[in-house]
Every structure is written in structure tokens, then in C-alpha cells.
Amino acid sequence: QVQLVESGGGLVQAGGSLRLSCAASGRTFSIYAMGWFRQAPGKEREFVGSINWAGDATYYAIAVKGRFTISRDNAKNTVYLQMDSLKPEDTAAYYCAARRTVGLVVDLKDYDIWGQGTQVTVSS
């Protein structure tokens, strides 16, 4: 069973950048699809983006497309979320998630392994 630990969150000014990391334990990380989600106070958890097992296919929510980039390094068992041109509305707890499959996974309900989250706060 893969376990996930996020890091890299923090406080940044609007227009700035952050890179989140999600480190996974387990020897079979490479056959897991990975996703990033976020949850702001009082709101439901929402999809940010996902990447397939090979790292050659990604999909993004409209709100972050063109500003956020997901990548993965299977040799390091790590997936990344590069966040550029950050806006105050990006403020949320960010979670990575995993599902053992080779395709892209978009729906929150289809992920069965979750990290504990890391807080991102964007000041105006």
C-alpha cells in the first residue's frame, strides 16, 4: 500500500510561485495515477490536476490550466505541482492522491489513497 506525504506549502504573494511535492512510499509507485486536489475553508474538495503513471499525460482544471504544471519522477517516487502566477483564490489545503491504474484519473471518488495535505496561502 502506497502512503503519501505532501510538502512545500506556505505563504506567498499574489503572482508568486510555489512547488509542492508528494512523496510516496512503496515499490510500485510507477503504476499509480496521481492527482492533486485542493480544499478551501467552507468549500468542497476540488480537482486541480492529474498525471498518468508514465508522466506523459496530464489534465488540469480550467481554473489552473496554464498556471499549474504536474510532473513526476518515478525514480524518486515523487509527484510535483508547480504553481505559478498564484492568485488569492488559490488559497487552500492541497492534497495529493493515488490510484493504482495506468490511465488518467479525474474524479475525486476514484482515488483511494490520500496524503494529509499541505496549506497554501496566497496574499493579495
Side-chain angles (χ1 to χ4, degrees):
Q1 178 81 340
V2 169
Q3 292 182 318
L4 307 174
V5 178
E6 301 97 333
S7 62
L11 174 64
V12 64
Q13 288 188 329
S17 298
L18 279 176
R19 188 176 81 156
L20 305 184
S21 298
C22 175
S25 62
R27 294 177 293 176
T28 57
F29 173 73
S30 62
I31 58 173
Y32 281 76
M34 302 296 296
W36 285 97
F37 292 78
R38 65 187 183 186
Q39 187 168 18
K43 295 187 177 181
E44 294 186 350
R45 191 169 298 188
E46 65 176 8
F47 173 78
V48 173
S50 61
I51 189 166
N52 70 336
W53 72 279
D56 57 4
T58 54
Y59 186 78
Y60 299 95
I62 292 174
V64 306
K65 193 171 184 179
R67 300 188 297 122
F68 291 11
T69 304
I70 297 174
S71 61
R72 67 190 295 163
D73 185 337
N74 286 343
K76 295 183 178 180
N77 280 10
T78 302
V79 64
Y80 304 97
L81 179 65
Q82 177 67 43
M83 305 185 294
D84 299 318
S85 302
L86 282 162
K87 305 175 181 180
E89 51 263 44
D90 294 318
T91 295
Y94 283 71
Y95 299 86
C96 67
R99 180 178 176 89
R100 188 176 177 131
T101 186
V102 297
L104 281 170
V105 181
V106 177
D107 198 326
L108 178 150
K109 297 188 295 296
D110 291 329
Y111 283 97
D112 48 15
I113 302 170
W114 291 85
Q116 84 290 347
T118 185
Q119 179 67 35
V120 172
T121 303
V122 184
S123 63
S124 57

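Note: hydrogens, waters and symmetry copies are ignored here, and every other heavy atom, side chains too, is used. On a predicted model such as this, the values are computed, not experimentally measured, just so you know.
- A distance of 10.0 Å separates OG1 in Thr69 from CD1 in Ile51, rounded to the nearest 0.5 Å.
- Linking ILVMFWY residues whenever their side-chain heavy atoms come closer than 4.5 Å, directly or via other members, places Ile70 and Ile113 in the same cluster.
- Ser17 and Gln82 get closest at one heavy-atom pair: CB-NE2, 3.9 Å.
- Residues forming a side chain to side chain contact (heavy atoms under 4.5 Å, CB included) with Ile31 (at least two apart in sequence, or on another chain): Thr28, Arg100.
- Counting all heavy atoms, side chain and backbone alike, Lys43 lies closest to Gln39 at O-NE2, 3.1 Å.
- Linking ILVMFWY side-chain heavy atoms closer than 4.5 Å, directly or via other members, places Val12 and Val48 in a single hydrophobic cluster.
- In this structure, Phe47 and Leu108 have side chains that are not in contact, with every pair of non-hydrogen atoms separated by 4.5 Å or more.
- For Tyr80, there are no ring-ring contact (aromatic ring centres under 6.0 Å, His included) partners at least two apart in sequence or on another chain.
- Annotation for Gln116 and Leu4: closest pair OE1-O, 3.7 Å, computed over non-hydrogen atoms.
- In this structure, the side chain of Asn52 engages the main chain of Gly55 through a donor-acceptor pair within 3.5 Å.
- For residues 99-124, the pairs satisfying ring pair (Phe, Tyr, Trp, His ring centres under 6.0 Å) are Phe37-Tyr111, Phe37-Trp114, with sequence neighbours left out.
- The CG atom of Leu81 sits 5.5 Å away from atom CH2 of Trp36, with the distance rounded to the nearest 0.5 Å.
- Of the possible donor and acceptor atoms, one in the side chain of Thr91 sits under 3.5 Å from a partner among the backbone N and O of Val122.
- Summarising the local packing, CD of Gln3 is surrounded by 12 or fewer heavy atoms from other residues, nucleotides or ligands at distances under 6.0 Å.
- Between the NZ atom of Lys76 and the OG atom of Ser21 there is a distance of 9.5 Å, given to the nearest 0.5 Å.
- Here the shortest heavy-atom pairing between Trp53 and Val102 reads CD1-O, 2.8 Å.
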| task | Dump the intermediate steps for side-chain contact (heavy atoms from CB on, under 4.5 Å) on Leu86 and Phe68, then the final yes or no. | result | CA-CA 9 Å; Leu86 282 162; Phe68 291 11; 3.8 Å; yes
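- When the side-chain hydrogen bond (donor to acceptor under 3.5 Å, both in side chains) test is applied to Arg19, no partner is found at least two apart in sequence or on another chain.
- Between Tyr60 and Arg67 the shortest side-chain heavy-atom distance does not fall below 4.5 Å.
- Side-chain contact between Val64 and Met83 is absent, with no heavy-atom pair separated by less than 4.5 Å.
- The shortest distance between side-chain heavy atoms of Tyr95 and Leu20 does not fall below 4.5 Å.
- For residues 22-124, every residue pair satisfying the disulfide (SG to SG under 2.5 Å) rule, not counting sequence neighbours, is listed here: Cys22-Cys96.
- Residues that satisfy the side chain to side chain contact (heavy atoms under 4.5 Å, CB included) test with Glu89, not counting sequence neighbours, are Lys87.
- Residues Met34 and Ala98 come closest through the heavy atom pair SD-CB, 3.5 Å.
- Closest non-hydrogen pair, Ala40 versus Ala92, comes out as N-CB, 3.8 Å.
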